[in-house]
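Worksheet: one structure, shown below.
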There are 2 protein chains.
Amino acid sequence: MARLTNCITMMDEGVGRVSQIIPQMPALEARLCRLMLMLGDDIEEELEFKLKPHKLNHSEFLTLMILYSRPDGSSTPGELCEYATQGATNMTRIANALVKRGLITRGASEEDRRRVLIRITPAGRRFVQKMLPPMFPRVATMFAGFSDTDKRHLDRLLRKLAGNLDQLGENRRS
Amino acid sequence: MARLTNCITMMDEGVGRVSQIIPQMPALEARLCRLMLMLGDDIEEELEFKLKPHKLNHSEFLTLMILYSRPDGSSTPGELCEYATQGATNMTRIANALVKRGLITRGASEEDRRRVLIRITPAGRRFVQKMLPPMFPRVATMFAGFSDTDKRHLDRLLRKLAGNLDQLGENRRS
DNA sequence: GGTTCATATTTCACTGGTGAATTAAAAAAT
DNA sequence: ATTTTTTAATTCACCAGTGAAATATGAACC
């Protein structure tokens, strides 16, 4: 049976019952929130599934892709943390793993000797170019039946949501 | 600076550069995919932030809410696993934690003695009713500036995406 | 009715990720 | 110029979640 659809049905019923007991709950918003969480998790699962044969996990893959997508193919742990949304601790481990596989190199920065320079290797580039294309069909399938307008709408709404989340994030830190 | 917006800008540039090297990449779909992952993570972070004062994590909260939203306030580990999307192993730990806090009880099932019956306690209900309302304002803020049509659209598109993900999920398992 | 197979839960060993403390270098203050 | 503060990366100890095996019960088969 369709796992997600099943969960969603159950969630709809649950929210319905809760908002009868607690009517001031923003039910529609809560549902959208739950939907985003469920889909996010499921997409992550799908991604990890495609990465498993290559013995990469999500954060290692993302880190490698950021480097690959850089004009000069290099960055620093701190910057990678920011864009991969990872703690510095974990980035150390990720870099260790990728260095061990020869996909990146780690070296000292000349200008600022606190910094470490991380660079994707030719082998790393070849690896990405080989593993990426087989993932395309399933990514495309995710949006099967979406018209161009659907995709544009979704894109717009998600970016709008991102803006609001950033505001929440600001006063979460302060 | 706005964290998510910053990551998104960087992601847009990255996808742009990658799809110049590998033009057959479904760039729009890949971007939507990344957006869903980023927003999912950020919403989770926001949620955990609101849960921290209550010393609950996401999966414990979700489990408790499922029970709360049940007409009879009870379920079994297996069923909770399904709806909370957790492994059985982790559900054991979650139940241990909630039992220890007196929010649920665990007992043997009469009909099927392999099963365990989990039930929310009156204290568990009071706990939910007290902790939930303070979360509403921030949930509402997430969708500030969304018209009713926007919300309906987003809801429709996310459910459609869920349908597609279910299909992928099917042949992932088989 | 006993054997085989399937299901529900738990235990154990491991992976991925985080916060707090550490080390070292750069920048700012006096 | 020296001290103080800030920034970058790493190490260590811990929390959350997973897969494989163990245990126990129920269902199906003959």
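Lettering follows sequence order; numbering is per chain, from 1.
- Contact record, B:Leu4 with A:Ala162: CD1-O, 4.0 Å, taken as the closest heavy-atom pair.
- The closest side-chain heavy-atom distance from A:Leu56 to A:Phe127 is below 4.5 Å.
- Residue order along DNA chain C, read from the 5' end via each residue's closest nucleotide, puts A:Ser59 first among A:Ser59 and A:Glu111.
- Residues from residues 38-53 of chain A placing a heavy atom under 4.0 Å of any atom in DNA chain D do not occur.
- Taking atom CG of B:Asn90 as the reference point, atom C1' of D:dC15 lies 11 Å away to the nearest angstrom.
- The separation between A:Leu80 atom CG and D:dT10 atom P is 11 Å, rounded to whole Å.
- What separates CZ of A:Arg93 from P of C:dG19 is a distance of 15 Å, to the nearest Å.
- Atom C1' of nucleotide D:dA16 and atom CG of B:Leu62 are separated by 15 Å, given to the nearest angstrom.
- The phosphate of C:dG16 (OP1 or OP2) has a side-chain N or O of A:Asn57 nearer than 4.0 angstrom.
- Between B:Ile94 atom CD1 and D:dG17 atom C1' there is a gap of 9 Å when expressed in whole angstrom units.
- Residue B:Gln86 has no polar side-chain atom (N or O) positioned under 4.0 Å from OP1 or OP2 of D:dA16.
- In terms of heavy-atom proximity, B:Leu161 sits nearest to A:Phe146 at N-CZ, 3.7 Å.
- The CD atom of A:Glu110 sits 14 Å away from the P atom of C:dA25 (whole-angstrom rounding).
- When the side chains of ILVMFWY residues are joined at heavy-atom separations under 4.5 Å, either directly or via intervening members, A:Met65 and B:Ile21 end up in a single hydrophobic cluster.
- The side-chain heavy atoms of B:Gln167 and A:Thr141, taken from C-beta on, include no pair separated by under 4.5 Å.
- Looking at B:Lys50 and B:Glu46, a side-chain N of the basic residue comes within less than 4.0 Å of a carboxylate O on the acidic one, giving a salt bridge.
- Residues A:Arg114 and A:Asp112 are paired through a salt bridge, judged by an N-O separation under 4.0 Å between the basic side chain and the carboxylate.
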Nucleotide N/O to protein N/O under 3.5 Å, stretch nucleotides 7-10 of chain C:
{"unit_1": "C:dT7", "atom_1": "O4'", "unit_2": "B:Arg114", "atom_2": "NH1", "d": "3.3"}
{"unit_1": "C:dT7", "atom_1": "O2", "unit_2": "B:Arg114", "atom_2": "NH1", "d": "3.1"}
{"unit_1": "C:dA8", "atom_1": "OP1", "unit_2": "B:Arg115", "atom_2": "NH2", "d": "3.3"}
{"unit_1": "C:dT9", "atom_1": "OP1", "unit_2": "B:Val116", "atom_2": "N", "d": "3.1"}
{"unit_1": "C:dT9", "atom_1": "OP2", "unit_2": "B:Gly78", "atom_2": "N", "d": "2.6"}
{"unit_1": "C:dT10", "atom_1": "OP1", "unit_2": "B:Arg106", "atom_2": "NH1", "d": "3.0"}
{"unit_1": "C:dT10", "atom_1": "OP2", "unit_2": "B:Thr92", "atom_2": "OG1", "d": "3.1"}

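- Considering A:Arg93, A:Lys55, A:Arg101 as possible partners of A:Glu60, the one that fulfils the salt bridge (charged side-chain N to carboxylate O under 4.0 Å, His left out) test is A:Arg93.
- At a threshold of 4.0 Å, the pair B:Arg152-B:Asp148 does not count as salt-bridged, since none of the basic side-chain nitrogens sits closer than that to a carboxylate oxygen.
- Here the P atom of nucleotide C:dG16 and the CZ atom of A:Phe61 are 16 Å apart, to the nearest Å.
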